[in-house]
Amino acid sequence: MEAEQAIWAHAPERIPAGAPFRWTDADDGGHSVSVVAVGAINRKRIKTEREESPMSSLNNLIVRAQEVGQYAADLAHASEGAPASTVGDAHHPGDDTGRLVLEAYRTYGAEEMLAVVRGYQGGYNARAADLGDYVVRWPEIANGIEWALPGATDEEARAIIEAIKPQPLD
């Protein structure tokens with residue numbers, strides 16, 4: 001959540017109406033960002049917004065990354081037969097996630113691309129928590145993303161890996 005706040009703090013008005021998180025102004029002048037469940041998002045509204053705003057396309061990438069993360073947690077749980085553990089040096093977020101990350105990087109740049117990675121992590125961790133499994137930490141994703149970037153040039157892969165390196169909030 002801190003990363004979502006940091007990403008959108010400079011321009012909360014750019015958060016699409018169908019985004020998987022909400023910006024709320026506090027009475028004390030501060031703000032907060034809260035996650036909205038993927039299923040609670042009006043898909044018809046997202047489609048309409050996508051036609052009107054390039055930022056809603058970013059929202060679509062974030063939502064898709066959340067869904068991929070949820071599916072990845074289901075796969076990890078099923079393959080382990082017990083609570084799946086991502087504890088270790090790296091977590092492979094999968095080629096589907098890599099394609100979304102690459103698209104976000106190419107279209108919007110490194111800062112917005114991080115929101116897509118956070119979407120994957122949020123989806124994975126929410127589902128893993130529901131299953132009683134371990135959650136994936138940011139450094140594990142940062143260490144595994146290089147194996148999940150099909151179609152990226154060497155330069156793009158280096159830039160993405162550099163941008164995803166563990167953030168101070170992790």
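Since we're looking at a predicted model, the values are computed, not measured.
- Minimum heavy-atom separation, G94 to A148: O-CB, 3.3 Å.
- If you take CG on L58 and OG1 on T107, they are separated by 9.0 Å, rounding to the nearest 0.5 Å.
- A distance of 11.0 Å separates CD of Q70 from CG of N125, quoted to the nearest 0.5 Å.
- Not counting sequence neighbours, R64 has no partner by the salt bridge (Lys or Arg N to Asp or Glu O under 4.0 Å) test.
- Across I145 and P93, no two heavy atoms sit closer than the pair CD1-CG, 3.7 Å.
- For the pair W138 (side chain) and I164 (backbone), a donor-acceptor distance under 3.5 Å is present.
- Across all non-hydrogen atoms, the minimal contact from L61 to Y108 is CD1-CE1, 4.1 Å.
- Here the shortest heavy-atom pairing between V116 and A65 reads O-CB, 3.3 Å.
- No side-chain heavy atom of R99 sits less than 4.5 Å from a side-chain heavy atom of L102.
- What you find for I62 and A115 is that their closest heavy atoms are CD1-CB, 3.8 Å.
- Side chain of Q121 to backbone of V136: a donor-acceptor contact under 3.5 angstrom is found.
- Atoms CE and CG, from M113 and L100 in turn, are 12.5 Å apart once rounded to the nearest 0.5 Å.
- Between the CD atom in E112 and the OG atom in S57 there is a gap of 12.5 Å [rounded to 0.5 Å].
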Step-by-step side chain to side chain contact (heavy atoms under 4.5 Å, CB included) determination, Y120 to I141: CA-CA 10 Å; Y120 168 82; I141 294 173; 4.1 Å; yes

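- A pairwise comparison of heavy atoms in H77 and D133 identifies ND1-OD2, 2.8 Å as the closest pair.
- Ring-plane geometry between Y124 and H91 is classed as perpendicular, the angle between the planes exceeding 60 degrees on a 0 to 90 degree scale with a lower cut at 30.
- Among residue pairs with one or both ends in residues 151-161, those qualifying as side-chain hydrogen bond (donor to acceptor under 3.5 Å, both in side chains) are R106-E156, T153-E156; sequence neighbours excluded.
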